[in-house]
Amino acid sequence: MVQYLTRLIEDKFFFVVKHPVGVESRMQDVIQLLNKEQPGSTTIVGIWGIDGVGKTTIAKATYNQMGCSFEGQSFLVSVNEFWQQRDGPVSLQRQILSNIYKTTKIQIDTVESGKMVLCEKLRRKRIFLVLDNVNKMEQLNALCGSREWFGPGSRIIITTSDKQILRRLQVDHVYRMKYMDTTESLELYSWHVFKIPNPLESYTCLCRDVAEYCGGLPLALVAIGTFLYGAPLADWEIILENLKTNGNYVVMEKMRTLFYDLDHHAKEILHNVATIFIGMDIQDVIQILKYSGPFLQPGIKVLVDKSLVTINSKNRIGMHTLVRALGRNIIRQQGTAETKMYDVFLSFRGEDSRAKFISHLYPSLQNAGIYVFKDDDGIQRGDQISVSLLQAIGQSRISIVILSRNFANSKWCMLELERIVEIGSTNGMVVVPVFYEVDPSEVRHQTGEFGKAFDSLISTKKVDEYTKRNWKTALHEVGGRAGVVIMNSRNESEDIKKIVELVTRLLDKTELFVADHPVGVESRVQEVIQLLNSQKSKDPLLLGIWGMGGIGKTTIAKAVYNKIRHDFEAKSFLLNVREVWKLDNDKVSLQQRLLSDIYKTTKIKIDTVESGKIILQEKLRKKRIFVVMDDVNKLDQLNALCGNRKWFGEGSRIIITTRDDDLLSRLEVDHIYRMKEMDDSESLELFNWHAFKQPIPGEGFTSLSRDVVKYSGGLPLALQVIGSFLLTKRREREWYSVLEKLKLIPNDEVLEKLKISFDGLSDDDMKDIFLDIAFFFIGMDREDITEILKDCGHFPEIGISVLLQQSLVTVDRKNKIGMHDLLRDMGREIVRKKSKVGGKEPSRLWRYEDVHELSKDTISLYVKGLTLKMSRLEAPICLQTKEFEKMNRLKLLQFAGIQLGGDYKYLSKDLRWLCWHGFPLKYTPKDLNQESLVALDLQYSNLDRVWRKDQLLVKLKILNLSHSHNLRHTPNFSNLPNLEKLILKDCPSLSSVSSSIGRLRKILLINLKDCTGLCELPRSIYKLDSLKTLILSGCTKIDKLEEDIEQMKSLTTLVADSTAITRVPFAVVRSKSLAYISLCGYEGFARKVFPSIIQSWLSPTNNVLSLVQISAGTPCLDFTEEQNKSFYCLPSTFEDLQDLQRLWLKCDSEAQLNQTVASILYSFNTQNSEGLSNIGTTASILCRSQVGISSSKNSLTSLLIQMGMSCNVTDILKDNILQKIPPTGSGLLPGDNSPNWLTFNSNNSSVTFEVPEVDGRNLKTIMCIVYSSSADNATTEGFKVVLVINYTKNTIQVYKRDGLLATSDEEEWQRVISNIEPGNKIKVVVGFTNEFIVKKTTIYFVYDESNEEQTNHYHETDENGIALSGDGNMQSGSNYFDWDYEVADEKNLIIMKQKRRLEVLTRKCPMDTISYFDSMSIFGCKIKCCSWLEDNDS
């Protein structure tokens, strides 16, 4: 009683299970074994069985029942799990002593010393010890070495799934755990699913299905029952169907650990047993394995010892249902189950049919391009079937079984048939029976001659009832299938033709499986097809589909193949090239398969890869083919299968899916389709289909579903795998638990898929670079990473390039390195597993617990890098520098939100990169060794200055002190001779920069963004001829840049917006190196810097008009870009832009338009027109301009301006205008009744009108004639500018006088004309000085001629002319004008300017006209005077 109460008080009773169904009987079996030996002897009993069968449960129950009667007791739970932890073996030894002796005073330092202590102490007492879940012999050696360790009468229980270690320990008895029978299974399941011991009546059948599926495994019964608790009946069938496909996660994860502990050969046997050997005689299996390799036969014994395979009393090999499901699931995940190498597997009895029938059928199938697997004639068939033959059945799409009279008399044939029927029912292989001289009913019921042959086999061979029953079932099933019956046939060739046609139809119908839920597939398929159709020539087109593992490359390729394969003469889809290529023989088989697919024959034999290249090159070019090569990862594969585009015929299309961009570049593919991750909407839908079997989340799971989607990062593989796993989880806390675990340990299935690219990296240097990026450098500048890693002894230039090609990292437009979150997690898991397997510290640390634990080590630790980051919202973590003393080879150190106490001398002297965000001190400690630093990143620090006493840091290339709000002083740059990047963003307390900055001869970047306290730059900074980028944006107190900036010969980027700068140095514009400039909040390339500046003037938020010094060569500006269209006013300084001849603007509002136009006219000192109206869109000007000026003494002068294309109609109209101006002061000009032009008139310098619709005609030219009363010289000196304002489109087109003369580009004029459309409200404004008095303005819209229209042309006119006219005859069909001026002498003047001619015709000119021409010198014209010819025809 005292012992019982003591144990109760000490809480020594273990909780066994809530519903201990079947526990009592099994516990009594174990107790009976423990008591079987003499009471005074030490007895060791092993409890052995598969994981999940209840070994620990029975051990706990036995411990509770017997333990209190011993002097000391100890139960070590999950020995294997604790053993793998740091100091796990020693801590387990200490726990035994603590439990037995109730003390912790006995010290154990090492495993070996622990053995000695245990051996000495345990023998003194009669103890009861349970070692639970042991899986290694070294664990037993350390914890219970031998029976001599224990006192007389002690009892030891060891639970394990590996029988071999029990044999090696020489235990007294092994208790083999029994599976639950049907009654026990139903009761346990009912307790968990209904909370009662019996199934509900309506659920009975489904409960029995579950019990059968679970195979008496308590773990599965509890897990599935708990999950289905409360689920409606309708959900049961869906969930059970998913369980049969994917298994239960809890169960699968439990058993998966056993699989991963196996060596390669044992895994291969497990695969074969799961798919081939179940139910076969163990001796037959051993005979088969003998032919497959010497290492496979012992593997069977290993699997039996580990409870993964069973051998029953009849010597039949067996496997638990769930283990079998695990094996097949793993095969499916690895992709091997999907690979179909053959179109047809041919099964036949050679003695019956080879000579007469098979010899004709086989070549007929080959000639039809059907790839057939048939045994070689030379193979001696016996009673055993080979592994390769069984695998070939699984790798075939169709199986043709020739059922002849003696077929059932061959054990080989029956084994083949059994396998064929099994795969047909489980993996969807099509089975086509051919009843050759046999009635189908005889096969189905084993009667007649066929039945006699089967009975003969059963009687002569040793066939047990189990096999006999299986064979009968297979015969019954195949005999009941629809097939081809050949009885007493007189024309076997017709029968063979029918078989070939049937097989061809079946093969053509079998589309490649794409996906259960093809979310987002169709849009990507259309994009790929669009690329395939983008080439207009008949040349073959090669397209690569590139992306990381699991992103869906193969899925898209399959969908495209299914969609367009019928458009080609022949097609082939080579699936999983990477895996198949690993096997030497299969390199040739890939070439053979490609040839077979295209030519529908296997007669052309390929012996070697090299000969295959020659054959493929010769054969493939003869047809228009469609080929997909999936998952290519080596150039050798491409060279062997698709050498180059010359291999393929006209119009052929080749798709290659790969993770390696470099392979596609080497092949010189025409297009690369870069796979995109799924967006949030697609991701959520795909996840929902797998997690809830519907496109929307289950009720209450929306937020959690979005969390999973975020974690998966748009990767279809992750969404599918995690969704399928969570299908059986219906409680929120389970989801939370899964998500938390995934953040620490990625899903194995996803991890293995992603890890293929990592494993494929050619050397350890590249792998190390990947791991360093995954741990430390995501989001950092590529150049910075390169500098750091280079100094760590790596080769990052080539390494990062390869990682990019392999889709393992990305680089964005800002040159920042990125990585998918799941790839990052994969990197961390690789490091964790490697350290776990090797029993060493991780090479890189990222968790506080690991750092704290490792700090206890007394030996030097090889830790390359460490990162500890806390959110700024969290309280800082305090660590002692002493904890890092043993990490003396640390090169990469990253802190955020961490505080250190103690001497900094304990930190590694080998540091290359120190990144400490939130650095808490005012100075870096003097005992912190920084001599090896390449990069120092102390953002968000509390620094006042970097070093209290200057340090010479020769290696330092990058210094980043951004967001250090207390920083007041920059360092002495003389001590940083190799500094390349200085980043001091957002340091508001910094008021000056040390003049020593001028000594940085290698500096490339200086970033002083948002240093609001900085008043000026030291003059020495302009001496930095190596500087490429200078950023001053947000430095609100910096008000000028010195002309000395011209000394910065390498400066390519200048960013200085949001500063107080009011004057841009001329040197900036004159710089030959500048490529990019940003000023006043606007940015652009240097060639567009002036548009950026003028846009800033016109901004409504800019109240200060800037003065800009400019250089020559700026003839035209266009402000019609959509990205910046906010204009308010044009400064009076417009006139200062001497060489700016044309300006195109777009405004936002009527007020903005009016003020902008007014500003333009004011800037030219011109008279303003009456009110202006609305504005809008783009404007342009193109092609030819002509300006003509005519005057009469003391009175009217006419100015003719032409904008647009010259044609016959424009020449006629111009001649009419120039020759018909009335000398008497009134007359008719060419009017608006002509079919070739329209006129619009006004009595001032602007004309407003609406553009009418003119059917069948295109606007060619705009002509404007202005009549004025002015002084003699006012015309040429007064005319300043023309504005074309489109109120409908909100555009302004501005042309200075010289701009009209200089514009000869037809494309430019076409932009002006094309901007004017029917229905647009247009205003044309001609700007003059105030001395110029406008009387009339007329606008002509000239349209092109119709085809049938013929017009006489008065005379030829050169382009770009200005003409003066004062007299002319009246012409019918003209508008009438009154004129009042004196007749002047007739002169004819022709003015030439360079290649452009200004034609000036004068009828009545003042005698002092020559002074007028002097005033024309502004145009740089040459003047020629000649006499007027009276003959009008001339």
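Given the structure is predicted, the values throughout are model-derived calculations rather than measurements. Residues: numbered from 1 along the sequence shown.
- Minimum interatomic distance between I598 and A570 (heavy atoms only, all atoms of both residues): O-CB, 3.5 Å.
- Evaluation of the salt bridge (charged side-chain N to carboxylate O under 4.0 Å, His left out) rule for K452 yields E449 as partners, not counting sequence neighbours.
- Side-chain contact check for K411 versus W471: some heavy-atom pair is nearer than 4.5 Å.
- Between the side chains of T608 and S611, at least one donor N or O lies within less than 3.5 Å of an accepting N or O.
- The heavy-atom pair separating E416 from F348 by the smallest distance is OE1-N, 4.5 Å.
- Checked by atom type, the side-chain pair D631/T657 shows no donor-acceptor distance below 3.5 Å.
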Q. Is there a side chain to side chain contact (heavy atoms under 4.5 Å, CB included) between E437 and F357 once you walk through the steps?
A. CA-CA 11 Å; E437 301 296 346; F357 188 72; over 6 Å; no

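- Between L475 and Q446 there is a side-chain heavy-atom pair separated by less than 4.5 Å.
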Q: Evaluate the criterion side chain to side chain contact (heavy atoms under 4.5 Å, CB included) for residue pair K472 and F454; output intermediate values, then yes/no.
A: CA-CA 9 Å; K472 280 181 169 288; F454 181 69; 3.9 Å; yes

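- Between E494 and K498 no salt bridge is recorded (no basic side-chain N to carboxylate O distance below 4.0 Å).
- At least one side-chain heavy atom of L361 sits less than 4.5 Å from a side-chain heavy atom of L346.
- For the pair S399 and I420, the tightest heavy-atom approach, listed with the atom from each and the gap, is OG-CD1, 3.2 Å.
- Residues T658 and K553 share a closest heavy-atom pair of O-CD, 3.4 Å.
- Atom NZ of K634 sits in a sparse spot, with 12 or fewer heavy atoms from other residues, nucleotides or ligands closer than 6.0 Å.
- Remark: side-chain polar atoms of D630 are paired, donor with acceptor, to backbone N or O of N576 under 3.5 angstrom.
- Using a 4.5 Å cut-off on side-chain heavy atoms (C-beta onward), V628 and L574 make no contact.
- Side chains of I656 and I545 form no contact here, defined as non-hydrogen atoms less than 4.5 Å apart.
- For the pair K623 and F648, the cation-pi test (distance below 6.0 Å, angle within 45°) is failed.
- Between R397 atom CZ and I370 atom CD1 the span is 11.5 Å, to the nearest 0.5 Å.
- Taken to the nearest 0.5 Å, the CG atom of D495 stands 12.5 Å off from the CZ atom of R490.
- One distance of note links CD of E422 with OG1 of T473; it measures 12.0 Å at 0.5 Å rounding.
- The shortest side-chain heavy-atom distance between F573 and L575 falls under the 4.5 Å cut-off.
- At least one donor-acceptor pair under 3.5 Å links the side chain of Q591 to the backbone N or O of V609.
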Q | side chain to side chain contact (heavy atoms under 4.5 Å, CB included) evaluation trace for V484 with L502 | A | CA-CA 9 Å; V484 178; L502 173 61; 4.2 Å; yes

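- Other residues, nucleotides and ligands contribute at most 12 non-hydrogen atoms within 6.0 Å of the CD atom of E212.
- Taking each heavy atom of V588 and I606 in turn, the nearest pair found is CG1-O, 3.3 Å.
- Side-chain atoms of K558 come within 3.5 Å of backbone atoms of F513 as a donor-acceptor pair (strictly under, hydrogens ignored).
- Within the 3.5 Å criterion, the main-chain N or O of F407 finds no donor-acceptor partner in the side chain of R349.
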Q: Dump the intermediate steps for side chain to side chain contact (heavy atoms under 4.5 Å, CB included) on Y362 and V372, then the final yes or no.
A: CA-CA 8 Å; Y362 178 61; V372 184; 3.7 Å; yes

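- Checked for salt-bridge contact, R405 and D439 miss the test: no charged N lies under 4.0 Å from a carboxylate O.
- Counting heavy atoms from C-beta on, the side chains of R593 and Y371 come closer than 4.5 Å.
- At distances below 3.5 Å, not a single donor-acceptor pair connects side-chain atoms of R578 with backbone N or O atoms of V632.
- When the shell of 6.0 Å around CZ of R621 is examined, it contains more than 12 heavy atoms from other residues, nucleotides or ligands.
- In terms of the ring pair (Phe, Tyr, Trp, His ring centres under 6.0 Å) criterion, residue partners of F626 (sequence neighbours excluded) are, by chain and number, Y561, F568.
- Here the side chains of H445 and F450 are not in contact, with every heavy-atom distance at 4.5 Å or above.
- With hydrogens and angles disregarded, a donor-acceptor distance shorter than 3.5 Å links the side chain of S489 to the backbone of N491.
- Remark: D597 CG to I625 CD1 distance equals 10.0 Å, nearest 0.5 Å.
- Using modelled atom types, one side-chain atom of S459 and one backbone atom of S456 make a donor-acceptor pair closer than 3.5 Å.
- Scanning both residues, L308 and M319, for their nearest heavy atoms gives O-CG, 3.6 Å.
- Partners of D305 according to the salt bridge (charged side-chain N to carboxylate O under 4.0 Å, His left out) rule, which considers only residues two or more places apart in sequence or in another chain, are R167, K301.
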